[in-house]
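Given the structure is predicted, the values throughout are model-derived calculations rather than measurements. What you see below is based on every heavy atom in this structure, not just the backbone, and it leaves out hydrogens, waters and symmetry mates.
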Amino acid sequence: TGGGGAAAATTGGSSTSSSSGSLPFQIGATIPPACSPATTNTVNVGYYQSWAKYRPTNCNPVVASQIPVEQFGYTHLIYSFAGISSGGELQPYNGIMEEVAMYREFNELK
């Protein structure tokens, strides 16, 4: 289990937390071995920083269109950074108008 805490013993179909070092709500807890695909919701988030395109060539510069969404199985992507106007609309971060084209490129990934 690495670094202390409750150890889980897995034998057969379920596992239980050991009582030594467990939190009160963990003692005797039964943990299923896995959820069936029909009941499992998977979220795999990718985080993109718009300034990644300005990295030096030896530091893996990336533009949004280069994000391997399918290869990594991303279900959600987060773009940083953008602003929100007082009217609740998306606006370029720090007034950098180049970001508008980058938002469009990023949105093409969906």
Side-chain angles (χ1 to χ4, degrees):
T1 60
T10 341
T11 53
S14 65
S15 62
T16 56
S17 297
S18 68
S19 59
S20 103
S22 296
L23 296 173
F25 63 85
Q26 293 174 317
I27 297 172
T30 300
I31 304 167
C35 297
S36 65
T39 61
T40 302
N41 292 322
T42 301
V43 175
N44 187 8
V45 179
Y47 178 83
Y48 176 73
Q49 300 168 334
S50 62
W51 57 84
K53 72 183 257 174
Y54 302 111
R55 293 179 190 153
T57 54
N58 65 346
C59 191
N60 194 25
V62 176
V63 294
S65 61
Q66 295 173 313
I67 299 171
V69 176
E70 290 185 28
Q71 178 185 349
F72 290 127
Y74 291 136
T75 58
H76 297 73
L77 295 173
I78 298 171
Y79 183 100
S80 65
F81 287 96
I84 300 177
S85 71
S86 59
E89 295 182 7
L90 183 69
Q91 66 181 21
Y93 179 66
N94 283 340
I96 302 169
M97 295 309 290
E98 182 182 359
E99 291 281 326
V100 174
M102 294 168 65
Y103 300 154
R104 289 186 183 112
E105 179 182 357
F106 186 79
N107 283 332
E108 291 294 319
L109 295 171
K110 44 181 177 171

Check whether any side-chain heavy atom of Phe72 lies under 4.5 Å from a side-chain heavy atom of Ile67, and answer yes or no. no
Does a side-chain heavy-atom distance below 4.5 Å link Val63 with Gln66? yes
Which heavy atom in [X] sits nearest to a heavy atom in [Y], and how many Å separate them?
{"X": "Pro56", "Y": "Pro61", "value": "O-CD, 3.4 Å"}
{"X": "Leu77", "Y": "Val69", "value": "CD1-CG2, 3.8 Å"}
{"X": "Ala82", "Y": "Leu90", "value": "CB-CD1, 3.3 Å"}
{"X": "Arg55", "Y": "Asn60", "value": "NH1-O, 2.9 Å"}
{"X": "Pro92", "Y": "Val100", "value": "CG-CG2, 3.6 Å"}
{"X": "Val43", "Y": "His76", "value": "CG1-ND1, 3.5 Å"}

Donor-acceptor check, side chain of Glu105 to backbone of Ser65, threshold 3.5 angstrom: yes or no? yes
Using atom types as modelled and distance alone, determine if a side-chain donor or acceptor of Ser80 lies under 3.5 Å from a backbone N or O of Tyr48. yes
Qualifying salt bridge (Lys or Arg N to Asp or Glu O under 4.0 Å) pairs, either residue in residues 90-101, two or more places apart: Lys53-Glu98
Should the ring pair Tyr79 and Phe106 be called parallel, tilted or perpendicular, given that the plane angle runs from 0 to 90° and is split at 30 and 60? perpendicular
Co-membership, hydrophobic cluster, residues Tyr54 and Tyr93, 4.5 Å side-chain: yes
Indicate, with yes or no, if Phe81 and Ile96 share a hydrophobic cluster defined by side-chain heavy-atom contacts under 4.5 Å among Ile, Leu, Val, Met, Phe, Trp and Tyr. no
